[in-house]
Protein chains: 2
Amino acid sequence: MPDKINVLLVDDHAVVRAGYKAYLSLSEHIGQIYEAERGETACQLYSRQLPDVVVMDLSMPGLGGLESIRRLLGRHANCKILVFSIHNELVYVTRAIKAGAKGYITKSNAPETLITAVCTIAEGGTYVDPELAQQLAISSAVDQDETAKIKSLSPREFDIFCLLATGVSTREAAENLCLSYKTVGNHGTAIKEKLGVKTLSELALLASRHGIVKNA
Amino acid sequence: MPDKINVLLVDDHAVVRAGYKAYLSLSEHIGQIYEAERGETACQLYSRQLPDVVVMDLSMPGLGGLESIRRLLGRHANCKILVFSIHNELVYVTRAIKAGAKGYITKSNAPETLITAVCTIAEGGTYVDPELAQQLAISSAVDQDETAKIKSLSPREFDIFCLLATGVSTREAAENLCLSYKTVGNHGTAIKEKLGVKTLSELALLASRHGIVKNA
DNA sequence: TCGCAACCGGGAACATTACCCTGGCATTTT
DNA sequence: AAAATGCCAGGGTAATGTTCCCGGTTGCGA
């Protein structure tokens with residue numbers, strides 16, 4: 001392990017990078033700080049500078065954060081990546097870890113956590129936001145991602161899912177399918193349960209995300 | 001105008017604040033930097049410290065950014081607020097300006113822009129991201145249908161619209177805003193009426209279309 | 001044949017929403 | 001000054017939607 005830890009910051013917002021750079025510089029453990037504003041350049045910079053830790057944001061244009069992680073690891077298998085995201089949803093955590101990230105923290109954490117996580121990972125460890133890790137452990141039975149959840153719907157459920165996703169009311173959907181609104185309601189409940197959402201609105205947004213309803 | 005500019009940072013993420021604080025400290029024009037993690041505390045801190053400029057994030061729990069701006073200005077009419085948001089949608093810009101903000105920049109801007117904007121506003125000027133300002137000018141002629149309808153929402157309605165659009169239930173939204181669920185329900189009805197949709201799901205999809213909720 | 005899972009829907013309890021109406025407050029009009 | 005308008009918060013009630021629990025049907029594979 002190096003005396004000082006060299007870090008590569010990957011975030012598409014220059015101001016954000018500037019902020020973290022300034023903050024990290026205050027720590028005596030941090031050495032050089034490199035910056036990249038997207039996955040592609042991060043890859044090149046990594047090859048040239050071989051930093052100890054990569055701190056990466058998830059939401060980026062071009063190849064997103066996740067894909068960037070995969071590419072980076074494809075070329076540099078022992079690259080240590082810390083995801084530093086605003087998202088506290090478990091899906092992101094599991095995907096990031098699955099993609100090969102060594103750690104995951106959110107911007108809700110105390111500032112010092114960033115330093116701690118970077119150090120831990122530089123030493124070869126892993127660091128996942130304790131709160132998220134706990135949630136993860138609890139819901140490990142349900143750790144499939146959204147696509148898998150959608151696939152788990154029965155054929156009929158999927159039909160109804162598609163209809164409800166367009167924003168129609170339960171009653172309208174029932175008329176459309178010549179069913180009792182109770183039936184549609186019951187299916188709806190089962191679908192929401194399977195997909196892990198609480199409201200029909202969330203269901204609609206999820207469907208929109210997956211292109212099941214076109215919403216351009 | 002003061003020799004050095006004192007700044008109040010309002011953002012719910014401590015790391016984010018730490019980053020900007022560290023970055024701003026590097027500038028010779030910036031003096032004291034205060035921090036608040038939500039609208040309520042921002043109000044109190046402002047009264048005590050009377051900073052020259054308030055740098056405020058928009059997305060915050062409790063009273064959101066927009067409502068915080070209104071409260072702050074309600075008590076301190078000549079308070080200078082710079083909105084510093086991740087959102088580059090025009091709706092937010094117009095809302096923020098209408099609420100009384102003196103400037104609006106996004107996190108996509110170059111780091112120096114933050115300093116520039118803070119200085120400009122401290123001197124009594126205004127600063128709106130040039131790109132957004134241009135779009136604003138162009139699109140003011142082109143605002144058709146849905147966009148117009150969204151604009152027709154009253155300030156409070158827009159707040160509630162944004163919340164409901166994320167898929168939360170009326171009850172959750174009410175708790176988040178510390179309102180009776182009846183009130184939120186009533187507003188919700190009015191909003192759906194104004195936007196010409198029948199269900200909250202449709203509302204969510206509409207908001208997603210307009211980038212008011214991020215759903216990528 | 002048995003077990004199982006998908007499917008349809010009834011009934012009751014509960015939650016949410018629609019609709020109407022009051023009241024406060026601020027702005028604008030007369 | 002007085003009246004009118006518009007926004008905001010919320011109570012009451014009726015309609016509507018949702019959940020949970022249940023029984024029934026069908027089809028399929030062991």
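Computed from a predicted model, the values in this text were never measured in an experiment. Every chain is numbered from 1 and lettered A, B, ... according to where its sequence line falls, protein lines coming before strand lines.
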Nearest-Å distance for atom pair CD/P, residues A/E175 and D/dT16
12 Å

Contact between B/V16 and B/L9 at the side-chain level, heavy atoms closer than 4.5 Å - yes or no?
no

Does the side chain of B/S169 get closer than 4.0 angstrom to OP1 or OP2 of C/dA15 through an N or O atom?
no

In this structure, CG of B/L205 is separated from OG of A/S208 (nearest 0.5 Å) by 6.0 Å

Can you list the residues that meet the side chain to side chain contact (heavy atoms under 4.5 Å, CB included) rule with B/A207, with sequence neighbours excluded?
B/F161, B/A165, B/I212, B/V213

Could you tell me how far apart A/L164 (CG) and D/dT19 (P) are, to the nearest whole angstrom?
11 Å

Distances under 3.5 Å between nitrogen or oxygen atoms of protein and nucleotides 20-26 of chain D:
from: D/dC20; atom 1: N4; to: A/N186; atom 2: OD1; distance (Å): 3.1

Gap separating the CD1 atom of B/I115 from the CD atom of B/E28, nearest 0.5 angstrom:
10.0 Å

Return no unless some side-chain N or O of B/K192 is found under 4.0 Å from OP1 or OP2 of C/dT17.
no

What is the distance, rounded to the nearest whole Å, between atom OH of A/Y181 and atom P of C/dA15?
17 Å

Could you list the protein-to-nucleotides 4-8 of chain D atom pairs, N/O on both sides, closer than 3.5 Å?
from: D/dC8; atom 1: OP1; to: B/S154; atom 2: OG; distance (Å): 3.4
from: D/dC8; atom 1: OP1; to: B/R156; atom 2: N; distance (Å): 2.7
from: D/dC8; atom 1: OP2; to: B/S154; atom 2: OG; distance (Å): 2.0

By side-chain hydrogen bond (donor to acceptor under 3.5 Å, both in side chains), B/S25 pairs with (sequence neighbours left out) none

B/Q44: what forms a side chain to side chain contact (heavy atoms under 4.5 Å, CB included) with it, not counting sequence neighbours?
none

Over all strands shown, is B/L200 touching base, sugar-phosphate only, or nothing at heavy-atom distances under 4.0 angstrom?
sugar-phosphate

Give one of base, sugar-phosphate or nothing for A/I160, where a contact means two heavy atoms less than 4.0 Å apart.
nothing

Any donor-acceptor pair under 3.5 Å from A/T189 side chain to A/G185 backbone:
yes

Salt bridge (charged side-chain N to carboxylate O under 4.0 Å, His left out) pairs, two or more places apart, involving residues 105-117 of chain B:
B/D11-B/K107

